Amino acid sequence: MAFDVLPGLGAPLRRLEDPRLLTGGGRFTAGLTAPGALQAVFLRSPHAHAHIRHVATAAALALPGVVAVITGSDVAGLGHNPAVTEIRDAAGRRHVEPRRLPIPQDRVRHVGEIVAMVLAETLAAARDGAEAVEVDYEPLQAVVRGDDALEPGAPLLHADAPGNLVCDWQRGDAPAVAAAFAGAAHIARLHHRSPRILAGFLETRAALAQWDAASGRVTLTTPSQGVHLLHRILCDHILHWPRERLRVVTPDVGGGFGPKLPPYPEQALACFAAARLQRDVRWVQDRTEHHLADTHARDLVADAALALDAAGRFLAIEVRGVANFGAWVSTVNPSIPTGGMAKVLGGLYDIPAAHIALRCAFSNTAPVDAVRGAGKPEALVLLEGLVDAAARQTGRDPVDLRRLNLLRSEAFPYRTALGYRYDSGDYPALLDAALRLSDAAGFAARRAASAAQGLRRGRGIACHLHGSGGWGDETSLVEVLPDGRIAARTGTQSQGQGHATAYAQVLAATLGVDPARITVEQGDSDRIPRGGGTGGSSSTIISGTTLVLAAEAAIEQGRAAAAELLEAASVDVAWRDGAYEVVGTDRRIGLAAVAARQGGLEGRADFADTVETWPAGIAVAEVEVDPETGLVVLDRYAAAVDAGTVVNPVLLAGQLHGGWAAGIGQALMEQADYDAEGQLLSATLMDYAMPRADAVPGFAHGMVPVPSPNNRLGIKGVGELPTNGAPAALANAVLDALAGEGVTQVALPMTPERVWRALNSG
């Protein structure tokens, strides 16, 4: 596809939404007023695995202010919360997906699973009521790790999932890989257990379900990553309501990162209770509930191997592992550790053969799903760790080994060994730029200076990419109002990315107007026809390109009126530089004047491009390690990035910085850790570490853009790219720092204790 370079794209426009947000104008679900709303509190299981013998509610209902207690028996008629992606085994069998109700009927399968919903006139009364509900549990043995769950004799979570197996999934050419390994001059091997992490967004989840007596409708206001998926699953699958009975609204959202995409039991139960009691119902999540009950990510254990020939060229890669799905199959998780890994396992390299075999397991932990990166960070830790291991074991320079195997520009479009089609890129130029940005020439002197202070300095490189995903189920509308303002409606959902600014820039470039005249509306199932929401780093690809089409449709709608005002035939009127003009003359008329004459113009368009793009980056991290304490300090971080056409470099820098911080957290400190009984040991921010200012250095980045041919603007999605590469760069940097001490592996997160133990293991 030929892409259009719209004038005005690439300008560093400051965020249009910030004045409102920074002056208290943000509209978040928890802050909405709802006088008279019932307050909801959820009683959650303290057991990771237990039969529910009986739930006694009489004592709670007798308390002042308590209006209702909803238990599993009350919601037995509700439906299953389904996955919307799927995987199949070698025989074509779909993954096992047990029926998941908003409240389990007879058994809890992870700590934090809902057992009852208490509704009261005040939050204090609801909390008192939850404490008064008596639950008779029969505790059962729990299993926490995915690989342990697949062992013979492990506690069984679901009768319809023998051996706790979700799916035995494979992709690639196993015989070709075996042949390549048999003829290889060298094979590098790596074992890795990827730590489970949390999203840690600033705004926790919430739900306000408002009952309208006149219409019998419920309006659910909730922070989400897209109202349409939530609306469809709630109505069609869980509540069994006609879609017109429910309106879903998402106002401002304080971070999403993946876990605000799935429909959750609390949203369904708020709607159910509002309709049943004919009262408004409000619930606001506390931080511990976020840790216990929202989807986690990354939980994977794998063995990987990379085969090389005598010249150092990569021949094949193989991964065998276990992906821990948690207690249930969450909304998009089937495709996260499987397809997510497969998309990027070849990295930026020409690897002729590849094979992945993952057994997916149920365990007594919170369900796992997409968090920023969605299967790619753990894949790239494996790949880039193998490349560094191969370099050390064969005595090669890790930069030279990478350069030898990088895909060249003439290889695009490139079909990977696992069947994915990379669209475009200049990977050698990315490597050159990354080395310049990181001052590679000065590394030896910096290493010597660190050594003089008793510290160990290491450098790690990560060649990484992302395959943008999401749903192109999108209809966008653009209205040119009679007063000249532009109103746009689109089905993606901002959670802080700056959609109001990026989309305004795209529309301003198309319509030739000031971006400040444009407003963007998202998050209303009544007002926006269709939308796939935001996920997979695809929002600007989907909404940006569709808004351009809608704007062009609005321009076309005004052509006849412009011709009349210009006293010309429509065929002689062209759109150029933000105005209608009579071809070959200086007679022009602006869009606002035509809209005023017509009482407004409207354009509508459906997404017509390809969601998939392949942004890429090469990151270089330098760390200092104190061998006495094991403390790792990230001293510098630089990256060269290919994000295709850049709409706004300020927004791009923000996405990069946030993504790198998330990856740094995964590499150095974040871990949602369970004990053997299934108790979450990191249920609060006192026990779950996240990056702070002193853990994040100044970042240096440069752009090496190659526009994507897959969409009309040449955009490549960038939100997850930096998170994909940062953990691998840091892991390689730490091992490089410790190589002289004989350390070859440190498990993530590389906490001071783990680094110290690796140095002192004898």
Side-chain angles (χ1 to χ4, degrees), residues 6 8-29 31 201-203 221 223-228 249-257 260 470 474-481 483-525 527-528 531-535 537-551 554 603 605 607 645-655 657-658 713 715 717-719:
L6 293 174
L9 294 192
L13 180 68
R14 299 188 71 174
R15 286 169 38 115
L16 299 175
E17 52 267 75
D18 280 354
R20 175 178 64 85
L21 294 171
L22 294 173
T23 56
R27 184 173 174 268
F28 298 90
T29 302
F201 30 64
L202 184 62
E203 179 204 25
T221 303
S224 77
Q225 291 177 223
V227 295
H228 291 88
V249 175
T250 289
D252 292 316
V253 182
F257 311 117
K260 282 183 182 168
E474 169 73 28
T475 299
S476 293
L477 295 88
V478 173
E479 295 176 89
V480 185
L481 303 176
D483 62 4
R485 292 180 296 114
I486 313 295
R489 286 181 273 160
T490 192
T492 53
Q493 182 63 54
S494 180
Q495 307 120 58
Q497 298 96 328
H499 288 182
T501 304
Y503 298 166
Q505 283 186 265
V506 169
L507 285 171
T510 306
L511 297 171
V513 301
D514 186 338
R517 289 169 55 187
I518 299 170
T519 58
V520 177
E521 181 181 354
Q522 299 176 297
D524 190 331
S525 63
R527 289 188 45 79
I528 297 163
T534 288
S537 303
S538 60
S539 289
T540 310
I541 296 168
I542 295 172
S543 286
T545 60
T546 310
L547 286 167
V548 167
L549 291 176
F607 179 66
T645 302
V646 175
V647 174
N648 185 317
V650 175
L651 297 179
L652 174 66
Q655 287 288 292
H657 288 193
L713 297 179
I715 294 167
V718 77

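All values reported here derive from a predicted model rather than from experimental measurement.
Scanning both residues, Leu547 and Leu477, for their nearest heavy atoms gives CD2-O, 4.2 Å. Looking at every heavy atom in both residues, Ala488 comes nearest to Leu507 through CB-CD1, 3.6 Å. Closest of all the heavy-atom pairs between Ala551 and Val478 is N-CG2, 3.9 Å. The two residues Gly10 and Pro649 have their closest heavy-atom pair at O-CD, 3.2 Å. The two residues Thr29 and Pro223 have their closest heavy-atom pair at OG1-CD, 3.3 Å. Taking all atoms of both residues into account, the shortest heavy-atom contact from Pro12 to Val650 is CB-CG2, 3.6 Å.
For the side-chain hydrogen bond (donor to acceptor under 3.5 Å, both in side chains) with Thr490, the lone residue among Glu474, Glu521, Gln522 that qualifies is Glu474. Between Tyr503 and the options Ser476, Pro515, Ser539, a side-chain contact (heavy atoms from CB on, under 4.5 Å) holds for only Ser539. Remark: of the listed residues Leu9, Leu651, Leu652, Val718, Leu652 is the sole one forming a side-chain contact (heavy atoms from CB on, under 4.5 Å) with Val646.
Of the inter-residue distances, the one linking Thr540 atom OG1 with Leu713 atom CG reads 9.5 Å to the nearest 0.5 angstrom. The distance from atom CG of Asp524 to atom OG1 of Thr221, rounded to the nearest 0.5 Å, is 9.0 Å. Atom CG of residue Leu481 and atom CD1 of residue Ile486 lie 7.0 Å apart, to the nearest 0.5 angstrom. Considering CD1 of Ile541 and CZ of Phe607, their distance stands at 7.5 Å, rounded to 0.5 Å. Atom CD1 in Ile528 sits 8.5 Å away from atom OG1 in Thr492 (nearest 0.5 Å). Ile715 CD1 to Ile542 CD1: the interatomic distance, rounded to the nearest 0.5 Å, is 11.0 Å.
A heavy-atom distance below 4.5 Å is found between the side chains of Glu17 and Thr501. Between Gln493 and Lys260, the closest side-chain pair of non-hydrogen atoms is not below 4.5 Å. Ser543 has its side chain out of reach of His499: every pair of non-hydrogen atoms, C-beta onward, lies at least 4.5 Å apart.
No donor-acceptor distance shorter than 3.5 angstrom exists from the side chain of Gln225 to the backbone of Gly535, with no hydrogens or angles considered.
Legend: salt bridge (Lys or Arg N to Asp or Glu O under 4.0 Å) pairs involving residues 489-500, not counting sequence neighbours, sorted by first then second residue: Glu479-Arg489.
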Extract all donor-acceptor atom pairs below 3.5 Å that involve side chains of residues 250-257 and protein atoms in other chains or at least two apart in sequence.
residue : atom : partner : partner atom : Å
Thr250  : OG1  : Thr222  : O            : 2.7
Thr250  : OG1  : Ser224  : OG           : 2.7
Asp252  : OD1  : Arg20   : NH2          : 3.1
Asp252  : OD2  : Arg20   : NH1          : 2.7
Asp252  : OD2  : Arg27   : N            : 2.6

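Crowding of Arg517 atom CZ: a count of heavy atoms from other residues, nucleotides or ligands under 6.0 Å exceeding 12.
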